[in-house]
Protein chains: 2
Amino acid sequence: MTKAVKETFSPDPAGLAAKVRTLAPSLTRSMRRVAEAVATDPAGCAALTVTGLAERTGTSEATVVRTARLLGYPGYRDLRLALAGLAAHQRSGRAPALTTDITVDDPLADVVAKLAHDERQTLADTAAALDTGQLEAAVTAAAAARRIDVYGVGASGLVAQDLAQKLLRIGLVAHAHSDTHLAVTTAVQLSAGDLAIAVTHSGATRDVIEPLRVAFERGATTVALTGRPKSAVTQYADHVLATSTARESELRPAAMSSRTSQLLVVDCLFVGVAQRTYATAAPALAASYEALAHRHR
Amino acid sequence: MTKAVKETFSPDPAGLAAKVRTLAPSLTRSMRRVAEAVATDPAGCAALTVTGLAERTGTSEATVVRTARLLGYPGYRDLRLALAGLAAHQRSGRAPALTTDITVDDPLADVVAKLAHDERQTLADTAAALDTGQLEAAVTAAAAARRIDVYGVGASGLVAQDLAQKLLRIGLVAHAHSDTHLAVTTAVQLSAGDLAIAVTHSGATRDVIEPLRVAFERGATTVALTGRPKSAVTQYADHVLATSTARESELRPAAMSSRTSQLLVVDCLFVGVAQRTYATAAPALAASYEALAHRHR
DNA sequence: CCCGAACAGAAAATAGCTTTCAGACGTGAC
DNA sequence: GTCACGTCTGAAAGCTATTTTCTGTTCGGG
């Protein structure tokens with residue numbers, strides 16, 4: 001025989017203020033004071049115990065409980081839970097006006113909120129704008145490639161390295177190049193069946209376009225990862241993966257949001273390739289995980 | 001002397017699921033079951049008493065209270081209030097059902113949507129969980145530092161490089177090290193007035209802890225950027241910046257989401273420093289922009 | 001002025017939360 | 001293997017918060 005479970009009955013979490021107003025005339029003096037306190041400052045009251053609220057309203061515990069009952073809850077405990085929910089709801093409703101730029105004198109908490117908000121926006125934009133057909137083509141090319149070279153300089157160089165690192169981990173032959181000269185000299189060795197990927201936000205970075213052009217002319221498959229789908233880099237690209245460009249400002253250079261966007265595309269590319277090469281990718285991932293384990297204490 | 005008022009301490013109403021994930025590795029079996037129940041069904045758990053939740057998770061009241069403490073609340077009562085708030089929040093938020101893992105045969109469009117969703121979630125969690133006090137301290141230290149060394153290997157190495165690159169661009173003396181030997185040999189040169197930053201998701205990467213320890217012992221200010229706020233690396237860190245841990249799976253290794261989180265923190269750190277050194281940072285940013293312009297066609 | 005009804009608060013009773021303690025379970029050393 | 005040690009866990013005791021009960025008070029009507 002199980003013990004009877006007490007159900008929490010939450011009649012009307014949102015319209016509590018309304019209910020207080022409706023009921024007010026039928027409430028007694030003391031009860032009204034409690035009801036008003038609760039309606040005025042749900043968050044504050046949620047933090048109080050029966051005794052606390054009784055003190056605050058200059059009444060007794062019994063009155064507080066009676067009021068809670070009148071408002072439709074089984075007891076004060078449940079009113080308090082509803083109050084906490086209401087408070088959370090109110091907090092979230094307050095849109096923090098995140099549309100403004102980051103300024104020199106924003107407090108750090110605002111900086112965090114604004115950056116997070118902007119990056120989230122960038123991700124949503126990127127996902128919405130990403131052409132899955134092009135991605136599909138790039139994934140297929142990568143999964144079948146004999147060898148993959150990735151070009152990127154500056155901030156995009158890190159993205160290029162990230163992609164190469166990931167692909168290496170699932171057993172593909174991938175290299176990232178940040179040095180134009182080296183990139184060009186290795187690009188001449190590519191041919192049909194190889195894949196070259198250029199990462200550049202502006203789409204106009206010569207150091208990256210150059211090796212991609214060489215790879216393109218040698219017959220390798222080429223992919224451009226860029227925020228400007230009609231820029232110079234795309235003329236040598238078989239497939240173009242578009243990244244999104246967010247609002248930028250003095251304290252938030254373009255490099256920052258483009259990176260977020262580029263990395264999402266890189267992740268998609270990676271997962272796509274891992275799916276298609278699952279038979280080799282899965283054990284490779286597991287093995288690299290194992291290998292790293294003993295590097296940790 | 002007035003009676004001490006017990007404050008309701010609500011450390012992290014939004015990112016609770018994230019916190020559970022972050023703390024999970026350091027939790028014991030029973031505690032983890034409680035934490036998971038709470039993260040999985042906040043609304044349901046909010047309706048339960050200590051005893052009820054203990055029964056539901058097959059543990060004891062003591063364990064439930066202990067878990068509540070670990071999650072940062074003074075006791076179960078307060079956790080329950082936070083849960084009620086969270087539940088209300090969820091009801092209004094209506095999250096779409098993107099909660100499933102990425103599988104081998106997901107079409108690419110789904111992969112994109114799921115990855116974008118997860119990364120957005122990670123960003124929100126990170127922002128919610130980031131301790132602005134610690135960030136403030138790190139920013140102040142960085143802005144005043146004679147020299148800044150950043151340590152990171154593997155995926156975190158790229159994050160370390162990203163941070164160093166950014167700080168360099170606003171005229172600070174910053175270097176990223178991926179080579180443990182080099183990192184240690186440069187760390188011995190640090191002293192009070194210098195800053196060392198370690199980036200490691202697990203918090204247990206020896207190659208990164210070692211140089212940080214050296215820097216710490218030499219009297220430099222030290223910062224750890226980690227997803228495990230109670231891990232080995234933090235014992236040598238003056239300030240700990242917590243990154244968030246997302247759900248991971250076979251096709252989505254931890255490295256992927258930790259990177260997103262780490263980069264957000266890096267951006268916050270960077271913008272904070274740029275604000276505090278605005279007089280030199282602004283012209284430096286403008287100058288680096290100019291300098292790059294002619295590298296583009 | 002007295003009576004009755006409703007109200008309010010004090011105090012008792014209970015339910016729920018927290019703390020303590022001792023046994024159980026691993027873990028590492030010898 | 002086994003012994004010692006530290007950690008984890010749940011049972012029960014202890015305490016706080018909530019609920020109920022009960023009695024004094026107030027106010028309107030006879």
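Chain identifiers are assigned alphabetically (A, B, ...) following the order of the sequence lines, protein sequences preceding nucleic acid strands; residue numbering begins at 1 within each chain.
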inquiry  = Could you walk me through whether A:Lys166 and A:Asp162 satisfy the salt bridge (Lys or Arg N to Asp or Glu O under 4.0 Å) test, starting with their C-alpha distance in whole Å, then the side-chain angles of each, then the deciding distance to 0.1 Å, before giving a yes or no?
reply    = CA-CA 6 Å; A:Lys166 283 200 173 73; A:Asp162 189 79; 2.5 Å; yes
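- In this structure, B:Arg32 places its CZ atom 15 Å from C1' of D:dT9, rounding to the nearest Å.
- Rounded to whole Å, the distance from CG on B:Leu79 to C1' on C:dC17 is 13 Å.
- By the 4.0 Å N-to-carboxylate-O rule, B:Arg32 lies too far from B:Glu36 to be salt-bridged with it.
- One distance of note links CG of A:Leu263 with CG of A:Leu123; it measures 9.5 Å at 0.5 Å rounding.
- B:Arg69 has its CZ atom 16 Å from the C1' atom of D:dT9, to the nearest Å.
- The nearest whole Å value for the distance from the CG atom in B:Leu27 to the P atom in D:dC8 is 10 Å.
- Here D:dT16 presents its P atom at 18 Å from CG of A:Leu48, a figure rounded to the nearest Å.
- Between the OH atom of A:Tyr76 and the P atom of D:dT18 there is a distance of 6 Å, given to the nearest Å.
- Applying the 4.0 Å criterion to OP1 and OP2 of D:dT18, one finds that A:Arg80 has a side-chain N or O inside that range.
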inquiry  = Quick one, B:Asp131 with B:Leu241, criterion side chain to side chain contact (heavy atoms under 4.5 Å, CB included). Give me CA distance, side-chain angles, the key distance, then yes/no.
reply    = CA-CA 7 Å; B:Asp131 181 335; B:Leu241 299 176; over 6 Å; no
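- Taking atom CG of residue B:Leu83 and atom P of nucleotide C:dC17, one finds them 13 Å apart after rounding to whole Å.
- The shortest heavy-atom contact between A:Arg56 and A:Cys45 is NH1-N, 4.3 Å.
- We find that NZ of B:Lys230 is positioned 14 Å from P of D:dT7, with the value rounded to whole Å.
- Counted by atom type alone, B:Ser60 and B:Thr63 present one or more donor-acceptor pairs between their side chains at under 3.5 Å.
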remark   = B/S/- along nucleotides 5-13 of chain C (protein heavy atoms under 4.0 Å) is --SBBB---
